[in-house]
Number of protein chains: 2
Amino acid sequence: MNIENTKAQMKKGVLEFCILSVLSGGENYPSEIITKMKEAKLIVVEGTLYPLLMRLKNDGLLSYRWEESTSGPPRKYYKLTPVGEQFLKELETTWNELVDAVKKTIEKH
Amino acid sequence: MNIENTKAQMKKGVLEFCILSVLSGGENYPSEIITKMKEAKLIVVEGTLYPLLMRLKNDGLLSYRWEESTSGPPRKYYKLTPVGEQFLKELETTWNELVDAVKKTIEKH
DNA sequence: ATTAGTACCTTGTATCGCATAGTACTAAAA
DNA sequence: TTTTAGTACTATGCGATACAAGGTACTAAT
């Protein structure tokens, strides 16, 4: 029983929402997404992000294009599809409902 | 890819926090906890709650006592241990940090 | 030729919410 | 007396996902 594990558990499902949110602001490649999340104090590692992006792409929420880079290997730029944008809206509601529910639960007692 | 699954995922780790919060207000037995969570729009089913309580007890965060009931089988009243109270404080911080991080992530882009 | 930096990908593990099924006690209805 | 309904606790197996750890590959500077 440690706080680190709980942190990991609390992230489940939330990362999906955050990543779609970041991409709603425009195209990004994975390493860039990790950096932006880190700036917001939401640490996410590669082993988490890549499978997640793959899943979101396979489910039609994201698309990508390759772009050459002058400072290393080519980058995979991801962006939201219309379906992804719709799903993001639903996730927003879901997240707000959860925050609200938790607030009620911890206040009442 | 459906919203119901994401909801379930988002709950992970959060329920632990909510249950400890409910118990910080005094002794409760499982069915009562489910009712209170439901009132706050946080649906939790038996198959989720009982294993969770078991785990929290085994980790020394909760203790319980049996009490006879006039309307059915005896009830198991759970309450926080000092360790549980300490852990709850840490969870509170963890949850607030997550909410904050998500807010930053979705605002910035 | 080697090293450092950047970027993407895969595999295995642990955890947790949930569906499902089951046990057991009380009390009222048949 | 037997059956049904309500209450309460328990156990098993599944699916989803964050993470650790390790790997591949390209560019540029030493």
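Order of the sequence lines sets the chain letters (A, B, ...), proteins ahead of strands, with each chain counted from 1.
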Is there a chain of hydrophobic side chains (I, L, V, M, F, W, Y, each step under 4.5 Å between heavy atoms) that links Y77(A) to I34(A)?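 Per the 4.5 Å side-chain linkage, Y77(A) and I34(A) are not co-clustered.
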Examine V99(B) and I3(A) and state if one hydrophobic cluster contains both, with Ile, Leu, Val, Met, Phe, Trp and Tyr joined whenever side-chain heavy atoms are less than 4.5 Å apart.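 Same cluster: V99(B) reaches I3(A) through Ile, Leu, Val, Met, Phe, Trp or Tyr contacts under 4.5 Å.
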Below 4.0 Å: OP1/OP2 of [N] and any side-chain N or O of [X]:
X	N	answer
K7(B)	dC18(C)	no
Y50(B)	dC9(D)	yes
S71(A)	dA28(D)	no
S31(A)	dT6(C)	no

How long is the span from the CG atom in L15(B) to the CD1 atom in I33(B), to the nearest 0.5 Å?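 L15(B) CG to I33(B) CD1: 11.5 Å, rounded to 0.5 Å.
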Taking the minimum atom-to-atom distance to the side chain of [X], which one of [options] wins?
X	options	answer
Q9(A)	dT15(C), dT10(D), dC25(C)	dT15(C)
W66(B)	dT10(C), dA7(C), dC9(D)	dC9(D)
E46(A)	dC19(D), dA11(D), dC9(C)	dC9(C)
A8(A)	dC8(C), dC19(D), dA25(D)	dC19(D)
R75(B)	dC9(D), dT10(C), dC18(C)	dC9(D)

Taking the inter-plane angle between the rings of F17(A) and W95(A) on a 0 to 90° scale, is it parallel (under 30°), tilted (30 to 60°) or perpendicular (over 60°)?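 Taking W95(A) first and then F17(A), their aromatic rings sit tilted (interplane angle of 30° to 60°).
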Taking for each residue the nucleotide of DNA chain C with the nearest heavy atom, is it G72(A) or T48(A) whose nucleotide lies nearer the 5' end?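 The residue whose closest nucleotide sits nearer the 5' end is G72(A).
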Residue whose closest nucleotide on DNA chain C lies nearer the 5' end, G47(A) versus N5(A):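 Mapping each residue to its closest nucleotide by heavy atoms, the 5'-most match is G47(A).
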To the nearest Å, how far apart are [X] [atom1] and [N] [atom2]?
X	N	atom1	atom2	result
N58(A)	dT10(C)	CG	P	11 Å
L91(A)	dT17(D)	CG	P	11 Å
I34(A)	dC9(C)	CD1	C1'	12 Å

Identify, between K11(A) and E68(A), the residue whose nearest nucleotide on DNA chain D lies closer to the 5' end.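 The residue whose closest nucleotide sits nearer the 5' end is K11(A).
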DNA chain D: Y29(B) or L52(A), which has the more 5' nearest nucleotide?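 The residue mapped nearer the 5' terminus is Y29(B).
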Can you find a donor-acceptor pair, distance only, under 3.5 Å between K12(B) side chain and dT17(D) base?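 Donor-acceptor pair under 3.5 Å: no.
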Ion pair E67(B)/K76(B), N-O distance below 4.0 Å: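 K76(B) and E67(B): not salt-bridged.
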